[in-house]
Asks: 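Please find one structure pasted underneath; my questions will follow.
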Number of protein chains: 2
Amino acid sequence: MMSPDTMDAVFQALASTTRRAMLDIVRNEPGCSVGAVAGRFDVSRIAVMRHLSVLEEAGLIISDKRGRTRHLYMNAVPIQMIHDRWTSEYSALWSGRMLDIKYLAEQRRAQEGDGAETDDIAHKKGEPG
Amino acid sequence: MMSPDTMDAVFQALASTTRRAMLDIVRNEPGCSVGAVAGRFDVSRIAVMRHLSVLEEAGLIISDKRGRTRHLYMNAVPIQMIHDRWTSEYSALWSGRMLDIKYLAEQRRAQEGDGAETDDIAHKKGEPG
DNA sequence: ACCTCATGTAATGAGTTCATTACATATTAG
DNA sequence: CTAATATGTAATGAACTCATTACATGAGGT
């Protein structure tokens, strides 16, 4: 099961048009090099490398270095996990209905399967004024 | 059609466990107040308000102020749009296959239907060294 | 060995996010 | 009117993102 932090990382990685474009390239040219990707963008090679790192840390890209060249591959697993989780959680929304939906909070499922802490129903603090 | 920037905003808004938890609450308690949401989290009311603003700017929440109370509602449209776009774009991935997929870059479709600029195949700059 | 190529690391700086406290506005109840 | 309630704004600061240039490493070709 995917931890909330991992989910944060995946959404964060996808929250950039540039990074989504990079993911498209890697998906369409499996095994392509860092330089090949960098050659398509109007930013420095280092900036591209950092974007690719973000994608790789989110698990959306897997890389494999042979000789002096790093080969990049897309990994569909995190996207599938998000899709699965969200289709179950927002199933009524996907189909466009919006009826009475059973509440299955991400936190509750994380509690059952993941051992992760919940943010919901936390101890309130109160304002000073 | 959804612009790349809007898509960035939606993913960015979802890239936070706290904000996803807030969206869950609003979905399950349609018309709830800002204070009702704030009462469930261990951060200041102002921090909660800003999170809700992020969600609202991404179009994931719609609000409606009656008297001194702002009522919050979830808007499923951006999630549906992302789902539709991604299931067509990554359709082979959703089903778990991963065969030869026709390349339909987000940028290309944005060009056709949206008038938005593409980042892909941009003019390269080259490093100084 | 020497040079080039492909990638990676370090230091830096502008801009954004995310949290805080203090104060302001506006609506309802008495 | 006065007071409590609900939300909103302003100013601030720590931490992170995103881009840069300069330099370092390590593999391959001649």
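Labels below follow one simple rule: chain letters A, B, ... track the order of the sequence lines, proteins then strands, and each chain is numbered from 1. Just the heavy atoms: all of them, side chains too, but no hydrogens, waters or symmetry mates, feed the values below.
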Asks: Distance check needed: D/dT17 P versus B/D8 CG, whole Å only.
Replies: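 After rounding, the gap between these two atoms is 15 Å.
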Asks: Which of residues 62-70 of chain A have a heavy atom under 4.0 Å from DNA chain C?
Replies: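 The answer is A/K65, A/R68, A/T69, A/R70.
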Asks: Roughly how far, to the nearest 0.5 Å, is the CD1 atom of B/I62 from the CG atom of B/L72?
Replies: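 With rounding to 0.5 Å, CG (B/L72) is 11.0 Å from CD1 (B/I62).
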Asks: For residues 52-61 of chain A, which residue pairs qualify under side-chain hydrogen bond (donor to acceptor under 3.5 Å, both in side chains), counting only residues two or more places apart or in two chains?
Replies: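 Pairs touching residues 52-61 of chain A that pass the test: A/E56-A/S63.
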Asks: Within less than 4.0 Å of OP1 or OP2 of C/dT17, is there a side-chain N or O belonging to B/H51?
Replies: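 So the side chain of B/H51 is outside the cut-off, no N or O lying under 4.0 Å from OP1 or OP2 of C/dT17.
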Asks: Rounded to whole angstrom units, what separation is found between the CD atom of A/Q12 and the P atom of C/dC18?
Replies: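 Roughly 8 Å, once rounded to whole Å.
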Asks: To the nearest Å, give me how far apart NE2 (A/H71) and P (D/dA27) are.
Replies: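 In whole Å, D/dA27 P and A/H71 NE2 are 14 Å from each other.
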Asks: Quick check for you: to the nearest 0.5 Å, what is the distance between B/M74 atom CE and B/L23 atom CG?
Replies: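 Rounded to the nearest 0.5 Å, the CE-CG separation comes out at 4.0 Å.
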Asks: Using a cut-off of less than 4.0 Å, is there contact between a side-chain N or O of A/S44 and OP1 or OP2 of D/dT20?
Replies: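 For A/S44, the contact criterion (side-chain N or O under 4.0 Å from OP1 or OP2 of D/dT20) is met.
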Asks: Looking at B/Q12, is its backbone amide N or carbonyl O close enough to the side chain of B/R19 to form a donor-acceptor pair, meaning the two atoms are under 3.5 Å apart?
Replies: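 Checked: pair present.
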Asks: Can you tell me the distance, in whole Å, between the CG atom of B/D42 and the P atom of C/dA19?
Replies: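 After rounding, the gap between these two atoms is 11 Å.
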Asks: Produce a footprint string for nucleotides 9-16 of chain C: one letter per nucleotide, 5' end first; B if the base is under 4.0 Å from any protein heavy atom, S if only the sugar-phosphate is, - if neither.
Replies: B-B-----
Asks: 5'-most contact on DNA chain D: B/G35 or A/V54, nearest heavy atom basis?
Replies: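 On the 5' side of the pair lies B/G35.
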Asks: How far does NE2 of B/H51 sit from OG1 of B/T18, to the nearest 0.5 angstrom?
Replies: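 Rounded to the nearest 0.5 Å, the NE2-OG1 separation comes out at 5.0 Å.
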Asks: Look at the side chain of A/N75 and the backbone N and O of A/G59, then say whether any donor-acceptor pair between them is shorter than 3.5 Å.
Replies: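 Indeed, once roles are kept as given, a pair shorter than 3.5 Å links the two residues.
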Asks: How do B/V34 and A/S16 order along DNA chain D: which one's closest nucleotide is nearer the 5' end?
Replies: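 Between the two, 5'-proximity favours B/V34.
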Asks: With side chains defined as the heavy atoms from C-beta onward, is the minimum distance between B/D64 and B/Y73 less than 4.5 Å?
Replies: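 Yes, side chains in contact.
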Asks: To the nearest 0.5 Å, tell me how far A/F11 CZ sits from A/T6 OG1.
Replies: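 If we round to the nearest 0.5 Å, A/F11:CZ and A/T6:OG1 are 12.0 Å apart.
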Asks: State the CG-CE distance between A/L52 and A/M22, to the nearest 0.5 angstrom.
Replies: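 Spacing of CG (A/L52) from CE (A/M22) equals 5.5 Å.
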